[in-house]
Amino acid sequence: MYTLLNNLCSQRLRDGRLKILNAKQHILAGKTVAHTLRTSLGPNGLDKMMVSSDGDVTVTNDGATILSMMDVEHQIAKLMVELSKSQDDEIGDGTTGVVVLAGALLEEAEQLLDKGIHPIRVADGYQCAAQVAIDRLDQIADSFPVDPKNPEPLIETAMTTLSSKIINRCHRQMAKIAVEAILSVADFDRKDVDFELIKVEGKVGGKMEDTQLVKGVIVDKDFSHPQMPKEVKDAKLAILTCPFEPPKPKTKHHLDVTSVEAYKKLQEYEKEKFDEMVQQVKDTGANLVICQWGFDDEANHLLLQRQLPAVRWVGGPEIELIAIATGGRIVPRFQELSAEKLGKAGIVRELTFGTTKDRMLVIEHCQNSRAVTIFIRGGNKMIIEEAKRSIHDALCVVRNLVRDHRIVYGGGASEIACSLAVSEAADKNPSIEQYAMRAFADALDDIPMALAENSGLHPIKTLAAVKSRQVKETNPRLGIDCLSKGTNDMKEQHVIETLLAKKQQIMLATQLVKMILKIDDIRTDEDKA
């Protein structure tokens, strides 16, 4: 009986050790991903060069982009990738910070597991601490005026987002463009922004400073015939999804042409049909045709003869955006075309670029001025792609301010304030969760430490100095002076983050770490085999 009991105790001890060993392996996988991104955090964060299997090179410091391009095999590491994607989908900014925070929480959890604290108690402690941190964020948040007549505060917020990006040398101009774009399409009554109305286009060549906001639509197409006019004023657009070609039976068919007369008759029929189609368009008063499909040289020549400029092979999303911008209707059949369904634009002109003979169409002064296009220029494709990602982050931040106008101060200031609040709450907690709460506070300190480290400052010394000043001066705006401006007050430096993004960061990181701590084993199909 004694031997059986002894064996049972040994087995349970082995199982417990195995479970902790498994948990540690999971934590190690998550920490590895977080450490990869840690050096990319903040305005002085370093970029990563990602090389795809095809040899395509991407240089970026956007957390979501880096993780989406990494070849991750471990299941727990894949959860970290999903975490960054969730932050990107929901908020659009803070994708690096959320992964660094999750990695720090996992690192602290590992030390608690070594002390023999059960993973469930650690997870519960983290949940309590996260709630304290979110309550503290609500207390230190400032209200932020979103006034279309005074966009300067919004521009400063967007500049904070862009300060860590590759385009930071002209980040004020980019921030201004992002704010103007959002204010053009924002619905302030519903407190919402329709991103479908903002199109981001890029063209290689020129300087990044040549980037501009077009109050209209840019289409990467040109007029179908080189002799058509390059500019159409007071344009009335017929937006068609039907091709300029003779009607064909819907079923499979076979046509035999047995003589020259029959061929000429077929040719005449086609010409007559083309002529009829062009006349139907002209009768509505249209002076420009936007067609989703192509048309052959004969139809193209006829359009030129009848002085009807046309654009062919315009994609579905562009067609929809043109229809929204110009107030026109997309017409599927020529018979349904009427004057009421035409779109209206002040001017449609063709842009040419350098010596490359590349052309694009710009549709401006539209009936619905809410549709805008951000047109990005840059030295190569890589810079343009990174600029697009950076602009997207800035657009998301301004959109979040339209939704919720409360802000907190960046530079690690809000994390330090939350860390102090969580430490204070841990001292009042009588249960074993207090250890997990202190660990949570230490993990929050990891963000300002990473900012200091990436800026070439001594991380522990800098954090200790700022933390003690926050306590002495009861000033939650004090953070890390990453740009060496001589002041730690983030309000003076205009380093601003949205409350929505910061709350989401803490909640998402805590939820993921709780989920990882509750996993004690991974089973795959290979194990069954």
Side-chain donor or acceptor of Ser419 paired with backbone N/O of Ala441 under 3.5 Å:
yes
Does Leu457 offer a backbone N or O that forms a donor-acceptor pair with the side chain of Ser455 under 3.5 Å?
no
With a 4.0 Å cut-off, would you call Asp187 and Lys191 a salt bridge?
no
I'd like to know if the side chain of Glu497 and the backbone of Tyr409 have a donor-acceptor N/O pair within less than 3.5 Å.
no
Would you call Lys215 and Glu180 a salt bridge, taking side-chain N to carboxylate O under 4.0 Å as the test?
no
Hey, is the main chain of Ile91 close enough, under 3.5 Å, to the side chain of Asn400 for a donor-acceptor pair?
yes
Main-chain N/O of Arg406 paired with Ser143 side-chain donor or acceptor, under 3.5 Å
no
Taking 4.0 angstrom as the limit, do Glu156 and Lys176 come out as a salt bridge?
no
Would you say the side-chain atoms of Lys199 pair up with the backbone N or O of Ile218, donor to acceptor, closer than 3.5 Å?
yes
With a 4.0 Å cut-off, would you call Glu82 and Lys85 a salt bridge?
no
Verify side chain to side chain donor-acceptor pair (under 3.5 Å) between Ser40 and Lys48, making sure each step is shown before the conclusion.
CA-CA 8 Å; Ser40 295; Lys48 301 278 186 281; 3.2 Å; yes
Can you find a pair of side-chain heavy atoms, one from Lys203 and one from Arg377, that are under 4.5 Å apart?
yes
Side chain Asp194, main chain Glu196, donor-acceptor under 3.5 Å:
yes
Shortest non-hydrogen contact from Leu83 to Ala102?
CD2-CB, 3.7 Å
Close side-chain approach of Met360 and Phe375, heavy atoms under 4.5 Å:
yes
Between Gln434 and Asn429 (side chain of the first, backbone of the second, donor and acceptor by atom type, cut-off under 3.5 Å), is there such a pair?
yes
Before accepting this row, confirm whether a basic side-chain N of the pair Asp427/Arg438 lies closer than 4.0 Å to the acidic partner's carboxylate O.
yes
Show the numbers, then the answer: is there a salt bridge (Lys or Arg N to Asp or Glu O under 4.0 Å) between Asp445 and Lys467?
CA-CA 9 Å; Asp445 287 341; Lys467 210 169 185 181; 2.5 Å; yes
Answer yes or no: is there a donor N or O on one side and an acceptor on the other, between the side chain of Arg121 and the main chain of Glu433, under 3.5 Å?
no
Regarding Lys503 and Asp138, does a basic nitrogen lie under 4.0 Å from an acidic carboxylate oxygen?
yes
Does any N or O in the side chain of Gln493 come within less than 3.5 Å of the main-chain N or O of Thr487, such that one atom is a donor and the other an acceptor?
yes
